[in-house]
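For ligands, and for the atoms within them, numbers begin at 1 and follow the listed sequence. Note that these values count all heavy atoms, side chains included, but never hydrogens, waters or copies made by symmetry.
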Amino acid sequence: MSENKDFLRAIVDEDLKSGKYNEVITRFPPEPNGFPHIGHAKSICINFGIARDFNGTCNLRMDDTNPTKEDTKYVEALKDAVQWLGFDWGENVYFTSDYFDKIYDYAIKLIKMGKAYVDSINEEQMRELRGTVTSAGTRSEYANRTIEENLELIERMKNGEFKDGEHVLRAKIDMSAANMKMRDPLLYRIRHAHHFRTEDKWCIYPMYDFAHCLSDYIEGVSHSICTLEFENNRDIYNWVLDTLGLELPRPYQHEFARLGINYTVMSKRKLLELVDGKYVSGWDDPRMPTIAGYKRRGYTKESILNFCDQIGIAKANSMVDVAQLEFCIRDDLNKKVPRVMAVLDPLKVTITNYEGSEEIDAPYYPHDVPKEGSRKIPFSNELYIERDDFNENPPKGYFRLTPEQPVRLRHGFIITCKEVIKDENGNIVEIKAVYHPDSKSGSDTSGIKVKSAIQWLSAKEAKTVEVRLYDRLYSCEAPDGLEDLNKNSLKVIKNALIEPAVISEKPDERFQFERQGYFYADPIDYTNEKPVFNKIVGLKDSWAKKTESEQPKAKTEVKVQAKKEQVVGSEVAMNDEQKALFEKYTNEYKLNTEISNILARDEKLSSFYEEALVELNSPVSIANIVVTEVARELKEKEANELKFTSKQIAQLVKIMDDGTISSKIAKQIFEEMVKSGDNPSKIVEDKGLVQISDPSVISPIIDEVIAKNPDNVEKFKAGNNKLLGFFVGQVLKATGGKANPQVVNQLVAQKLK
Ligand code: ATP
Ligand code: MG
């Protein structure tokens, strides 16, 4: 293992050295409710990778506690992904459902200790009693039930005597805990649903917070590694194990930052929406960020592993540029795959001074001379070249074939255009050309100068293939939903042409089609009669090119560079100064560790932050906006290049803190400040963005929403509490996000009573 350990490996190392554990056991615990994506690949690499590095084991465990969403096909996809990435889970795949009996026994134990109770209030009452971040909650009256009553009720819940939602089992912890998750969290709920493994044996199911820590304990896990959003769940994790008296070697939870990639959605729920809505051909559509999708598209496992390695393990969430993943696959294939020629948009070229046919020997690895392997390319008087490799009126810097400019046929001869044939509409249908017999590549004595070499095929021998060109599935950097889909993410070319040698090879292969990109024989649709190739990735980052000036396309070799600045480094130790800041931020300013970490490590951010604090003493709110919005701007610029100042950020936070604007509107104002540098109060005034908190203004809007949605009102009254959110959302939308959400919440709840 390298000297430079990431922070998780440092913890594991320390725990082994101190004798806390004798062996390392990790686990990868997906819920089988969708195909695994590239974020899961990161988690797989971390969990299996750590086990491997410390000679431990990593369990593959299906976290199957939600019967309505899970399925065996997802279990198979998860197994396939882990295997494909080259990891081994040993003899068994584990399932949380295998522990349902044991978990139930632990619940009984908690009840007997007076540490859990059956509650019978509904979801909404529960939400109300939970309190808020600033005010303590109130315990439900049912918390006073005796142990005997609780034992009887849980037994009856288990036996199916109650309907969904009628009762729940809750831990008795602390209704005034600062961590809201600790306010008597749910342990069990009633779900009359068929489970894909336990079938109809159970109608109560343990919640994640109860099942997960116990499953870890049952399996003897030492390090339970999860993503940052579970940071607040760690207290429950420890409470359950401690209260039940489960001692070392009991597991402890550690969090790392989840992977986010721009132009990509990475939630199984949203991916399922694409599959169900047929926006893609399935979970393995080559445009999907799923392992199955990458695999089908032609990504190699090495490229994915390399990517996961490059992005490292950090404690702060960040966004990785998708170009980095594309770089990894390009980098891998560049070294490995043979180069061949294909023509996607054929233009006929007749060589008027040649008859008969011959074969030209061409190396598969022309860029890597010691690497052997070649094939024969047929040459004849009827050829195809790429339509845009000929230009009658070439722009400056056009290096390919023109009426005046000869060009080399890659590996072959130089040709000169003699005549351009057009149809009645003026479209070019054929080029008549001559070839220069003494110009053959490798033994050229012609003395003719050309500026580039283009791909070509002999018409008679070329094979017709289908080529599927993929582009990014989303056209915007931070996609949210269906409206952000890139409408041109798939282009199918039915009649592309390719060298015959490619077809005679076995399908499971990748090629570089020279000057076009990397391609992979589609593992599902490819047949020898109808070959299909997927474009894996282009030769260079075409999205980056769009912003740069148009470059001539003549070069056959393009050098690519890793976008180093986008590599999220693995966590390194803080220096003394950073440590002191971190201490101040967590202890004095009460910022959470994640935010303190980001600020302390970034001098530009921390000095901006400190300046804003001088203007306004609101450390938490200012920190929030500095590590998100401001950080985004400071990534590319220095503070003195920004249009807005720290003072203005303080002003923005002030009107947000005092309720003049909502936090949603604050974001909108911020965007405006970035562009214009105007004061936030001016923007608020100009655009009429003041938050509406007056019930007499909001009330009629709510009435309107209610009147428009009689069906949902009925469903709500019949007990579908989730619809409260729907109504609130509609009202906020109707006010352009200006209504005060708390006021709306209260009013909607009142009106729907
Ligand atoms: P999603 O939100 O996409 O549905 P999830 O977190 O619900 O993902 P699980 O199947 O519960 O998915 O996750 C299995 C493991 O993979 C968990 O340990 C989770 O933390 C990890 N994981 C999921 N998404 C990411 C990600 N984007 N980056 C890193 N790890 C992830
Ligand atoms: Mg989930």
Side-chain angles (χ1 to χ4, degrees), residues 6 8 26-51 58-66 68-71 73-82 85 87 89 93-96 207-209 211-213 215-216 219 221 223-234 237 251-276 283 288-294 304-305 307-320 322 324-325 478-481 568 570:
D6 57 77
L8 288 173
T26 57
R27 82 288 169 270
F28 170 60
E31 183 182 357
N33 62 348
F35 274 50
H37 49 60
I38 183 89
H40 292 106
K42 176 172 178 178
S43 180
I44 290 170
C45 287
I46 290 175
N47 283 296
F48 282 94
I50 287 180
C58 177
N59 294 344
L60 173 59
R61 183 201 313 143
M62 301 297 154
D63 188 15
D64 56 344
T65 55
N66 186 359
T68 55
K69 299 209 168 122
E70 295 156 3
D71 196 277
K73 67 173 183 248
Y74 301 130
V75 174
E76 292 310 312
L78 282 154
K79 284 161 67 178
D80 194 62
V82 173
L85 289 172
F87 296 107
W89 58 78
V93 173
Y94 296 92
F95 291 85
T96 302
M207 305 298 290
Y208 169 88
D209 281 320
H212 201 81
C213 53
S215 304
D216 283 347
E219 289 176 12
V221 166
H223 297 83
S224 178
I225 298 166
C226 63
T227 34
L228 270 176
E229 67 274 21
F230 292 99
E231 199 173 5
N232 287 335
N233 301 61
R234 194 197 318 135
Y237 191 102
Y252 279 90
Q253 178 184 307
H254 308 273
E255 307 91 21
F256 69 96
R258 77 192 279 123
L259 170 66
I261 303 185
N262 61 4
Y263 296 100
T264 308
V265 303
M266 233 190 291
S267 121
K268 282 179 282 181
R269 187 179 53 77
K270 285 187 181 165
L271 297 176
L272 179 63
E273 186 177 53
L274 296 177
V275 174
D276 282 350
W283 284 101
M288 290 282 270
T290 52
I291 307 297
Y294 291 116
I304 305 273
L305 294 174
F307 173 71
C308 291
D309 195 44
Q310 278 187 14
I311 55 178
I313 310 174
K315 268 197 239 181
N317 282 326
S318 62
M319 191 63 85
V320 174
V322 66
Q324 199 178 331
L325 177 61
D480 196 34
V568 180
S570 20

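With distances taken over non-hydrogen atoms, the option nearest atom 30 (N) of ligand 1 out of Gly34, Pro32, Gly39, Gly260 is Gly39. When the heavy atoms of Leu272, Thr227, Ile38 are ranked by distance to atom 19 (C) of ligand 1, first place goes to Thr227. Remark: among candidates Arg258, Met266, Lys268, Glu31, the nearest residue to atom 7 (O) of ligand 1 is Lys268, based on non-hydrogen atoms.
The aromatic rings of Tyr74 and Phe35 sit perpendicular to each other, their planes meeting at more than 60°, with 30° as the lower class boundary.
Side chains of Val75 and Lys79 form a contact here, defined as non-hydrogen atoms less than 4.5 Å apart. For the pair Thr65 and Met207, the minimum side-chain heavy-atom distance is 4.5 Å or more.
The distance from the CD1 atom of Ile44 to the SG atom of Cys308 is 8.5 Å, given to the nearest 0.5 Å.
Taking 4.0 Å as the cut-off, Arg269 does not count as a neighbour of ligand 1 on heavy-atom distance. For Phe230, the closest heavy-atom approach to ligand 1 does not fall below 4.0 Å.
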Exercise for the section: Go through the steps to decide whether Ser224 and His212 satisfy the test side chain to side chain contact (heavy atoms under 4.5 Å, CB included), and finish with yes or no. Expected result: CA-CA 9 Å; Ser224 178; His212 201 81; 4.1 Å; yes

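Between the side chains of Asn233 and Tyr208, no donor-acceptor pair is found at a separation under 3.5 Å.
Not one N or O of Glu229 is nearer than 3.5 Å to an N or O of ligand 1, by distance alone. The shortest N or O to N or O distance between Phe256 and ligand 1 is not under 3.5 Å.
Residue Ser267 approaches ligand 1 through these ligand atoms, each under 4.0 Å from one of its heavy atoms: 3 (O). Interface atoms of ligand 1 facing Ser43, defined by a heavy-atom separation under 4.0 Å, are 15 (C), 16 (O), 18 (O), 21 (C), 30 (N).
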